[in-house]
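Encoded as structure tokens, the structure appears first; notes follow it.
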Number of protein chains: 2
Amino acid sequence: MGMNEARAKVFKALGHPSRLTIVDELAQGTRCVCELTALVGADISTVSKHLTVLKSAGIVSDERRGSNVYYTLRMACVSGFMDCVDRHLKSQATAQVAHFEAVPA
Amino acid sequence: MGMNEARAKVFKALGHPSRLTIVDELAQGTRCVCELTALVGADISTVSKHLTVLKSAGIVSDERRGSNVYYTLRMACVSGFMDCVDRHLKSQATAQVAHFEAVPA
DNA sequence: TTGATATTTGGTCGAATAGCCAAATACCCC
DNA sequence: GGGGTATTTGGCTATTCGACCAAATATCAA
């Protein structure tokens, strides 16, 4: 797999609202599938597949403990980039407002 | 658009090898569509559509000068995260090798 | 205006994604 | 082993994506 293909796989894995919700939660600590399912609010099989995507991109790891499977965030720097994206989105929103306000009524 | 939907749009836009190639190049400076097309090696209409995706995610901006359109990277922190992803991919590769080597011949 | 170059847009088609349900698997407790 | 809970996997459908080609648009120069 080429350099950019490997990178793209990571970004692609992060490119879904439910998966970002999961990553945000895992940034707080390890969680089991049932907890994440309750959080996301989709079918458990859907959440399981989202977790498979994150895992195969190397963003999370899983570990079975008894009848539960726990997932852990492995790419801590994701949170840092998330902050960067948020700042950017906010500044865009501001620019957008400024643009509208610049149009005479 | 919800918080995580907006974020996801950014990640999704970055989740394609050709678009990462473009972003890497634009990190070096502004480029016209023709330069990026040569770099990516796909049909110019395909590259144009990739640029539309990046632009609508707010990652790049465009500006026409004469008959050319120039694109500029607007989300500088992408490069920082790219480094983080690369470090992660490298450490995974190392772990993978270690895992194989741990298996007796 | 005509012709040439640069870029975007519309159309089509095959591949990939995301969701749900149902079935399979894993583990625990009895 | 059998039943119950947790999770994954397979199958199906609808939607989205990505690539190309062809046509439209924009700019420039003659």
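Below, read A as the first sequence line, B as the second, and so on, with proteins coming before strands; counting in each chain starts at 1. Heavy atoms only: backbone and side chains are in, while hydrogens, waters and symmetry mates are out. Just so we're clear, the structure is a prediction, and the values are computed from it rather than from any experiment.
- Separating the NE2 atom of A/His50 from the P atom of D/dT9 is a distance of 15 Å, rounded to the nearest angstrom.
- For B/His16 and D/dT16, the NE2 to C1' distance is 13 Å, given to the nearest whole Å.
- We find that CG of A/Asp62 is positioned 12 Å from P of C/dC27, with the value rounded to whole Å.
- Atom CD1 in A/Ile22 sits 8.0 Å away from atom CG in A/Leu39 (nearest 0.5 Å).
- You'll find that the side chain of B/Cys32 is closest to C/dT7, out of D/dA19, C/dT7, D/dT7.
- Nearest nucleotide to the side chain of B/Val33, out of D/dT16, C/dT8, C/dA18: C/dT8.
- At whole-Å resolution of the value, CG in A/Asn68 and P in D/dA6 are 7 Å apart.
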Name the pairs: protein N/O against N/O of nucleotides 22-27 of chain D, kept only if under 3.5 Å.
none

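- Remark: the backbone N or O of A/Val33 is paired with a side-chain donor or acceptor of A/Thr37 at under 3.5 angstrom.
- Going from atom OH of B/Tyr70 over to atom CD of B/Glu63 covers 9.5 Å, rounded to the nearest 0.5 Å.
- Rounded to an integer number of Å, the gap from A/Arg31 CZ to D/dA6 P is 17 Å.
- Note: CD1 (B/Ile22) to P (D/dG18) measures 12 Å, nearest angstrom.
- As rounded to whole Å, 13 Å separates atom P of C/dT8 from atom OH of B/Tyr70.
- Among the protein residues, B/Tyr71 comes within range of the sugar-phosphate backbone only, with heavy atoms under 4.0 Å from sugar or phosphate atoms but none that close to a base.
- Closest to the B/Lys12 side chain, of the nucleotides D/dC17, C/dT7, D/dC20, is D/dC17.
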(request) Could you walk me through whether A/Arg7 and A/Asn4 pass side chain to side chain donor-acceptor pair (under 3.5 Å), step by step? (result) CA-CA 5 Å; A/Arg7 284 170 164 175; A/Asn4 277 339; 2.9 Å; yes

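- Between B/Thr46 and A/Ser18, the residue anchored nearer the 5' end of DNA chain C, judged by the nucleotide with its closest heavy atom, is B/Thr46.
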(message) Set out, in order, the CA-CA distance, both residues' side-chain angles and the distance that settles side chain to side chain donor-acceptor pair (under 3.5 Å) for B/Ser61 and B/Thr72, then state yes or no.
(response) CA-CA 5 Å; B/Ser61 65; B/Thr72 303; 4.5 Å; no

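- Rounding to the nearest 0.5 Å places NZ of B/Lys55 at 12.0 Å from CZ of B/Arg74.
- Contact annotation for A/Lys55: no contact, since no heavy-atom pair falls under 4.0 Å across all strands.
- Rounded to whole Å, atom C1' of D/dC17 lies 20 Å from atom CZ of B/Phe11.
- Between the side chain of B/Lys49 and the base of C/dG11, a donor-acceptor pair under 3.5 Å is found.
- Taken to the nearest 0.5 Å, the CZ atom of B/Phe81 stands 8.5 Å off from the CE atom of A/Met82.
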